Amino acid sequence: MKTGSDPSAVSIPHLRSLVRGRVIGPDDDGYDEARTLVYGGFDQRPAFIVRVADATDVASVIGVARETGLELAIRGGGHSNAGHSSTEGGIVLDLRDLKALEIDAEARTAWAETGLTAGEYTAAAAAHGLATGFGDAGSVGIGGIALGGGVGFLTRKHGLTIDSLLEAEVVTASGEILRVDEENHPDLFWAIRGGGGNFGVATRFRFRLHEVGTIVGGMLFLPATAEIVARFIEEAESAPEELTTIANVMPAPPMPLVPEEAHGKMIIMAMLAYAGDIEAGERAVAPFRALATPYADMVRPMSYPEMFLPDDDSYHPTAVARTMFVDGVDLGVAETIMEHLEASDAPVRVAQLRVLGGAMARVPADATAFAHRTSKIMVNVAAFYDGPEDKIVREAWVDGFAEALRQGDDGMYVNFLGDEGEEAVRRAYPGSTWDRLAEIKAGYDPTNLFRLNQNVPPADGA
Ligand SMILES: Cc1cc2nc3c(=O)[nH]c(=O)nc-3n(C[C@H](O)[C@H](O)[C@H](O)COP(=O)(O)OP(=O)(O)OC[C@H]3O[C@@H](n4cnc5c(N)ncnc54)[C@H](O)[C@@H]3O)c2cc1C
């Protein structure tokens, strides 16, 4: 094997001899399918895609990247909106075949391999009346979401995904396979709870499971005015912490779930999830139903996995987005939201508001690398675009929108960042969090082998 960053430094037969898993090159069947990411607009052509079969394969692929200098992309669920899970001319280490899941229902823990999606894990755990919280989409990989933090339907009741992480198996840049928890490599355990893919490849996680049986949840479509948006947020903030809400303020898409009379009108497409007693759940969602006559009300007692909408693997939207935290959404802020949404003609445009707090906020800010524990509301603004020229227009719109909404909290959530540069990554890891991550990076990945991510470079001279 030659060294350098030239794909001819390593041959497919050689790679195949190194791993148990499948090596896919540009001439192989399934290459295009294997290199496709969830978001459209990315068209990288990796030299090799290795669908690893175990942690030893992971170590071998890391070894090849280390020795050849080829760029290494780590792919789990493929949802990176920065396109980080593929590479032009490098190696994709694809975890999607690592699907083992061992649930210990009595101990309420699960060992899960990181090729699982949130939906797959959630469905299997629900068979025991148990759950670990991930995000709002079943197709997201458990690896990417957990390493960044994990904000979802159970955040107020059970915290972030990382607050349920007990242990991980991580393959480092040197190829060591480490068991990482509070006692073993505690620095690394701190860093992987929010620090993303900077420190190694996580192959397995041990999660705490929570009792989550039937929930009161589902979608509520309300007409959106500034007043209704502000009152929705007020209700969400004062709701019991069993209730987590996600409010998508947007023009109603012409989809079957949305009644025809609402198509194109401003709506709140709300996702509500009350993880607790059914009657108390009905009481908790009543104030949201009373905000206005809903266009559609699908909130009902349901099994937790039903919160995830069905996935469409052929759907690859092109979108631009900005993420931030705000301290409050009063009438003035809600008016700004409505004005910006009304001023755009993007076919899909949205302001997503997630009221935080509860269990997530009780964890000290420096306990993990997710530092935004006291942030009140996460806001994501996004627009779909069609082609490069339209992208410029939509990008200007999301930038202006984000700027108009910005308040005192200038943090950002790493898992919703696009390719926005170091300044944005620093805002995801403010102050001492950045310094500590950079020190730990210098210890475990001094050459920045894992750099195709929201990158924290190793501290100088550490
Ligand atoms: C439709 C959609 C809905 C979303 N909803 C939510 C939500 O509700 N809450 C939320 O918190 N986030 C949400 N996200 C963001 C999501 O958490 C991130 O995009 C996450 O990185 C996706 O993980 P993945 O494994 O699917 O992606 P990938 O693109 O496969 O991975 C993204 C990056 O994560 C790193 N990575 C992934 N797996 C590993 C691993 N095992 N070891 C080391 N590094 C790894 C790599 O750096 C990789 O480039 C959503 C994203 C989308 C597209």
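The model shown is predicted, which means the values in this text are computed figures rather than measured ones. Ligands are counted one by one from 1 in listed order, and the atoms in each one are counted from 1 as well.
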Is there a heavy atom in G200 that sits closer than 4.0 Å to ligand 1?
yes
Could you check whether any heavy atom of V151 sits closer than 4.0 Å to an atom of ligand 1, since that is the contact criterion I want to use?
yes
Dump the intermediate steps for ring pair (Phe, Tyr, Trp, His ring centres under 6.0 Å) on F370 and Y413, then the final yes or no.
CA-CA 8 Å; F370 180 98; Y413 173 42; 5.8 Å; yes
Among all the protein's non-hydrogen atoms, which is closest to atom 17 (O) of ligand 1, and how far away is it?
N415 ND2, 3.3 Å
Sub-4.0 Å protein heavy atom near atom 45 (C) of ligand 1
yes
Sub-4.0 Å atoms of ligand 1 with respect to non-hydrogen atoms of T114
41 (N)
Where ligand 1 meets N453 - atom numbers and elements under 4.0 angstrom, heavy-atom basis:
47 (O)
Check each heavy atom of F416 against ligand 1 and say whether those closer than 4.0 Å belong to the side chain, the backbone, both or neither.
side chain
Can D187 and Y444 be counted as having a side-chain donor-acceptor contact under 3.5 angstrom?
yes
Y39 contact mode with ligand 1 (heavy-atom cut-off under 4.0 Å)
side chain
Looking at H79, R75, R354, the heavy atom closest to atom 1 (C) of ligand 1 belongs to H79
Taking only non-hydrogen atoms of V38, do any sit less than 4.0 angstrom from ligand 1?
no
Have a look at A202, G149, A319 and point out the one with the heavy atom closest to atom 42 (N) of ligand 1.
A202
